2 protein chains.
Amino acid sequence: MADIISHPRGRVTAARERAQAQDAEPVPASGSEADDIIELLFFAYRDFISDPDAILADFGFGRAHHRVLHFVDRHPGMRVADLLEILKITKQSLGRVLKQLIDSGFVEQQPGALDRRERLLFTTAQGGELAARLREPQSRRINDALAGLSLEARRQVAGFLLAMVNETEREDVAGRVYENERPRP
Amino acid sequence: MADIISHPRGRVTAARERAQAQDAEPVPASGSEADDIIELLFFAYRDFISDPDAILADFGFGRAHHRVLHFVDRHPGMRVADLLEILKITKQSLGRVLKQLIDSGFVEQQPGALDRRERLLFTTAQGGELAARLREPQSRRINDALAGLSLEARRQVAGFLLAMVNETEREDVAGRVYENERPRP
DNA sequence: AAATTATGTCAGCCATATTGACATATTTTT
DNA sequence: AAAAATATGTCAATATGGCTGACATAATTT
């Protein structure tokens, strides 16, 4: 593990030293592999989602808008109910941000051709542009992080992330994520 | 990529079909590798953090408490300033949850032995127990997700996550995450 | 005709984040 | 010793994005 990155001495170990200086209680058992990944996931996600925040602020939007815009852009024709299932929020919560995105011309609704109760969601040209702008720094970050890895390793990384999803939804998620890559029957 | 998981037909492709039935505009370009990972990260993290929520609710705590408790437990003797830097929130935001954790006996403060302005943070026995309880489902999820992978692949997964962290902080994060694993000089 | 479904909306509540201003104790600098 | 800087805490106001509950409308299914 130590070869992943160098561990310079410095403030990095300051907390340990302070704790030791304090009363010499032993520092707790070292992190297991899973414990390390708990923290890595926190830090990775923290920085991953920080990228788009500055852009969003220019439009008066927040992360909730980003999530909606992203999924509508990538999966056009999605129903409101699909979005609720994906985001795992209530329709009241979604309603507010969706309304703002529609009113400001980033998302539009069309009644379903088959079932006219449905409001199918699409991004407008403007919405597609913003979605792409928000995606760009995240894609760059991911590509940089994958840079040294073989195709096999990349698959393992993606497989790990997919395996982190609740088993009951894993196939749905895989279907959604990879839907555009699957050859149509 | 298609071999990672089977892609059953069904509602998974429903959005595409609805969009197609709608007006036959072509479905947008397929997701690049990075685009897939953007979504996988969202779903993985969504479920990863959902585990502890039920437990926290029993104590009247939220995710903010979880984050504080986790870092204080894993890095005892941490200063308030360290926590602010890690969580990237303001001291006012931290103040509230920290006060609640202290008042309810999960975290305690000790003035620093070297610099008595500092309030070094430690979990109490009760706090350590709760931190462990919260960690358990997350560790299990991670171990399950790593299950099929070689040691090499596991390193690559951890390396990927670390590489997702802002370059400017990557060494600090690595130091923090792996601090207990590094042999002391 | 009745029941169900998909969606929207009003109203209020809560958790967690923000900015800005100011207070206290302690350490460091001059 | 006095002044400046640092670590922390706190008051007050505000914003975002969740939540529950209740109710309404349109369209589809039974």
Side-chain angles (χ1 to χ4, degrees), chain A residues 11 14-15 18 46 49-50 52-54 56-70 72 77-104 107-122, chain B residues 11 14-15 18 42 46 49-50 52-54 56-69 72 77-104 107-122:
Chain A
R11 59 197 245 270
R18 270 191 303 273
R46 179 197 67 176
I49 59 175
S50 75
D53 281 358
L56 289 160
D58 294 344
F59 293 83
F61 291 151
R63 287 174 191 173
H65 302 86
H66 183 193
R67 292 194 283 272
V68 171
L69 190 63
H70 170 88
V72 171
M78 187 168 260
R79 294 172 311 157
V80 169
D82 296 332
L83 217 34
L84 293 179
E85 196 196 322
I86 287 176
L87 301 179
K88 298 215 189 286
I89 59 176
T90 59
K91 67 179 168 178
Q92 294 91 330
S93 298
L94 176 59
R96 223 175 343 167
V97 300
L98 186 53
K99 190 174 191 311
Q100 290 174 304
L101 285 169
I102 290 169
D103 290 350
S104 46
V107 171
E108 56 186 13
Q109 294 176 313
Q110 292 181 30
L114 305 150
D115 182 339
R116 295 203 325 268
R117 289 172 304 182
E118 297 176 344
R119 309 298 174 87
L120 307 192
L121 301 170
F122 300 86
Chain B
R11 58 197 245 272
R18 270 192 302 274
F42 168 79
R46 180 196 67 178
I49 60 175
S50 75
D53 282 358
L56 288 160
D58 294 344
F59 293 82
F61 291 151
R63 287 174 191 173
H65 302 86
H66 183 195
R67 291 194 285 270
V68 171
L69 190 63
V72 172
M78 187 168 260
R79 295 172 310 156
V80 169
D82 296 331
L83 217 33
L84 294 179
E85 195 195 323
I86 287 174
L87 302 178
K88 298 217 188 283
I89 58 175
T90 58
K91 67 179 168 179
Q92 294 91 329
S93 299
L94 175 60
R96 207 171 353 111
V97 299
L98 186 54
K99 190 173 191 310
Q100 289 172 306
L101 286 168
I102 290 168
D103 290 350
S104 46
V107 171
E108 58 186 12
Q109 292 176 314
Q110 292 181 30
L114 306 151
D115 182 337
R116 295 203 323 270
R117 289 173 303 183
E118 297 176 343
R119 309 298 174 86
L120 307 191
L121 300 170
F122 300 87

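Chain A is the first sequence line, chain B the second, and so forth, proteins listed ahead of strands; every chain is numbered from 1. As the structure is a prediction and not an experimental result, all values here were calculated from the model.
- Remark: the B:Arg96 side chain and the C:dA17 base include a donor-acceptor N/O pair separated by less than 3.5 Å.
- Judged by closest nucleotide on DNA chain D, A:Leu94 is the one of A:Leu94 and A:Asp115 placed further toward the 5' end.
- Distance A:Ile89 CD1 to D:dT20 P: 12 Å, rounded to the nearest Å.
- In this structure, A:Asp103 places its CG atom 9 Å from P of C:dT9, rounding to the nearest Å.
- When atom types are taken as modelled, the side chain of A:Arg46 and the backbone of B:Ile86 share a donor-acceptor pair closer than 3.5 angstrom.
- Residue B:Gln100 is classed as having no contact, given no heavy-atom separation below 4.0 Å to the nucleic acid.
- Atom pair B:Asp82:CG and D:dT8:C1' shows a separation of 13 Å (rounding to whole Å applied).
- Of the side-chain N and O atoms in B:Gln92, none sit less than 4.0 angstrom from OP1 or OP2 of C:dA21.
- Taking 4.5 Å as the limit, every side-chain heavy atom of B:His66 sits out of range of all side-chain heavy atoms of B:Phe61.
- Taking atom NZ of B:Lys91 as the reference point, atom P of C:dT19 lies 12 Å away to the nearest angstrom.
- Between the CG atom of B:Leu84 and the P atom of D:dG9 there is a distance of 9 Å, rounded to whole Å.
- Residues A:Arg79 and A:Asp82 meet the side-chain proximity criterion, which asks for heavy atoms closer than 4.5 Å.
- Between the C1' atom of C:dT7 and the NZ atom of A:Lys99 lies a distance of 14 Å, rounded to the nearest Å.
- Between B:Ser93 and C:dT18 there is a side-chain polar atom (N or O) within less than 4.0 angstrom of OP1 or OP2.
- Between B:His65 and the phosphate of C:dA15, there is no side-chain N or O to OP1/OP2 separation shorter than 4.0 Å.
- As rounded to whole Å, 19 Å separates atom P of C:dC14 from atom CG of B:Leu56.
- A donor-acceptor distance shorter than 3.5 angstrom exists from the side chain of B:Ser104 to the backbone of B:Gln100, with no hydrogens or angles considered.
- Here A:Gly62 lies in heavy-atom contact (under 4.0 Å) with sugar-phosphate atoms only.
- The A:Arg79 side chain lies nearest to C:dT7 when the options are C:dT7, D:dT8, C:dA17.
- Summarising the geometry, the separation between CZ on B:Arg116 and C1' on C:dT27 is reported as 10 Å, rounded to the nearest angstrom.
- Side-chain N/O atoms of A:Arg119 and base N/O atoms of C:dG8 include no donor-acceptor pair closer than 3.5 Å.
- The side chain of B:Arg67 contributes an N or O atom lying less than 4.0 Å from OP1 or OP2 of C:dA17.
- Contact of B:Arg117 with C:dT27 (side chain to base): no donor-acceptor pair of N or O atoms is detected under 3.5 Å.
- In plain terms, the two heavy atoms of A:Arg63 and A:Ile49 that are nearest each other are NH1-CD1, 3.4 Å.
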